[in-house]
Amino acid sequence: MISVIAHRGASADRPENTLEAFAEAARQGADGVELDVRRGPDGGLVVRHDPLPPGAAVPASVPSLAAALDACRGLLVNVEVKNLPHEPGWDPEETVAAEVVALLRARGGVDRVVVSSFSLATVDAVRAAAPGVPTGLLTPAWFEPQAALALVVERGHGAVHPYHEALTPELVAAAHEAGVSVTTWTVDEAGRLREVAALGVDAVITNRPGFARAVLSA
């Protein structure tokens, strides 16, 4: 059965990347949660898609990564590290990746995680610091999927996360032949959910985990 991963929690029903969205994802039967982590203006690791302005206070609704992991205990957590050169707070030294690894170690291995990013350097840094932590490369619709798979295999990552419109049967077959799992994003429509499942992907990221579970179980 394909795994259902709630995009920023059950974000169709609760505010994204909040403890409420994560709890709702679990209530709806999600297998896991995808969340975004970045450096907050206070220096900590915060769960938020967009950067906060420098010097801004972190809103009470924005959890720390540690609090989010606590809220998602028992679920797979796809920790997407936000770190791209065009964004404020770009971290070329990959200190956020290092701190994510340090936090996971400090928690004693209680978390089921995969760390992903659109930045190859970031997932490379995670793998270098902690080879036992599963890693995946996220790719946008315009990125050639076979090229992404080649990078994943070359760098020793375990997963490729292509946008659903870039999926092909050949990509899924080649990934599985190479021992690489395929997680696609973000799919909310019933027909497309059935299509990506038929392609043989391992997991689908969706804003509507309860709906996706019902569609895929029918």
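Index from 1, following the sequence.
Between Pro162 and Thr184, the shortest heavy-atom distance links the atoms O-OG1, 2.9 Å. Here the closest non-hydrogen pair linking His157 and Val180 is O-CG2, 4.1 Å. Minimum heavy-atom separation, Val33 to Ala25: CG2-CB, 3.9 Å. Nearest heavy-atom pair, Leu76 versus Val114, reported as atom, atom and distance to 0.1 Å: CD1-N, 4.3 Å. Listed here is the closest heavy atom pair of Leu137 and Ser117: CD1-O, 3.6 Å. For Pro63 against Leu19, the heavy-atom pair with the smallest separation is CB-CD2, 3.8 Å.
Ile205 and Phe211 fall into different hydrophobic clusters, where Ile, Leu, Val, Met, Phe, Trp and Tyr residues are linked whenever their side-chain heavy atoms come under 4.5 Å apart, directly or through other members. Hydrophobic clustering, with ILVMFWY side chains joined whenever heavy atoms are under 4.5 angstrom apart, groups Val187 together with Phe143. Using a 4.5 Å cut-off between side-chain heavy atoms of Ile, Leu, Val, Met, Phe, Trp and Tyr, with links allowed through other members, Val204 and Leu149 fall into the same hydrophobic cluster. A chain of hydrophobic side-chain contacts below 4.5 Å, direct or via other Ile, Leu, Val, Met, Phe, Trp or Tyr residues, connects Val153 to Leu151. Taken together through direct or relayed side-chain contacts under 4.5 Å among Ile, Leu, Val, Met, Phe, Trp and Tyr, Leu138 and Trp142 form parts of separate hydrophobic clusters.
Atom CG in Asp124 sits 9.0 Å away from atom CD in Glu154 (nearest 0.5 Å). Within the model, atoms CZ of Arg39 and CG of Asn83 stand 9.5 Å from one another, a figure rounded to the nearest 0.5 Å. Distance CG/Leu65 to CG/Leu104: 7.0 Å, rounded to 0.5 Å. Rounding to the nearest 0.5 angstrom, the gap separating the OG1 atom in Thr206 from the NE2 atom in His164 is 10.0 Å. Summarising the geometry, atom CG belonging to Leu35 is positioned 11.0 Å from atom CD belonging to Glu16; distances are rounded to the nearest 0.5 Å.
The shortest side-chain heavy-atom distance between Arg38 and Val96 does not fall under the 4.5 Å cut-off. Annotation: side chain of Gln146 is in contact with side chain of Leu171 (closest heavy-atom distance under 4.5 Å). Side-chain contact between Leu103 and Leu69 is present, with at least one heavy-atom pair separated by less than 4.5 Å. A heavy-atom distance below 4.5 Å is found between the side chains of Leu193 and Leu216. Using a 4.5 Å heavy-atom cutoff, the side chains of Glu99 and Leu45 are in contact.
Within the structure, the salt bridge (Lys or Arg N to Asp or Glu O under 4.0 Å) test picks out the following pairs touching residues 195-214 (sequence neighbours left out): Asp31-Arg213, Arg192-Glu195. Screening residues 64-77 for side-chain hydrogen bond (donor to acceptor under 3.5 Å, both in side chains), with sequence neighbours left out, gives Asp70-Arg73, Asp70-Arg107.
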Apply side chain to side chain contact (heavy atoms under 4.5 Å, CB included) to Asp111 and Val77, showing your working. CA-CA 8 Å; Asp111 306 297; Val77 183; over 6 Å; no
Check the pair Glu93, Asp91 against side chain to side chain contact (heavy atoms under 4.5 Å, CB included), reporting the backbone distance first and the verdict last. CA-CA 5 Å; Glu93 302 302 318; Asp91 172 30; 4.0 Å; yes
Working note: Cys72 + Arg112, criterion side chain to side chain contact (heavy atoms under 4.5 Å, CB included); need CA distance, chi angles, decisive distance, verdict. CA-CA 9 Å; Cys72 296; Arg112 295 173 54 219; over 6 Å; no
Show the numbers, then the answer: is there a side chain to side chain contact (heavy atoms under 4.5 Å, CB included) between Glu80 and His161? CA-CA 11 Å; Glu80 182 192 337; His161 294 194; over 6 Å; no
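Between the side chain of Ser119 and the backbone N or O of Leu84, no donor-acceptor pair lies under 3.5 Å. Counting only distance, with no hydrogens or angles, the side chain of Ser3 and the backbone of Ala203 share no donor-acceptor pair below 3.5 Å. No donor-acceptor distance shorter than 3.5 angstrom exists from the side chain of Thr135 to the backbone of Val123, with no hydrogens or angles considered. Under the 3.5 Å distance criterion, the side-chain polar atoms of Arg48 are left unmatched by any main-chain donor or acceptor of Asp36. A distance-only check finds no donor-acceptor pair linking the side chain of Glu34 to the backbone of Ala6 [under 3.5 Å].
Remark: Arg14 engages Glu24 in a salt bridge, criterion side-chain N to carboxylate O under 4.0 Å.
When the ring-ring contact (aromatic ring centres under 6.0 Å, His included) test is applied to Tyr163, the partners found at least two apart in sequence or on another chain are Trp185.
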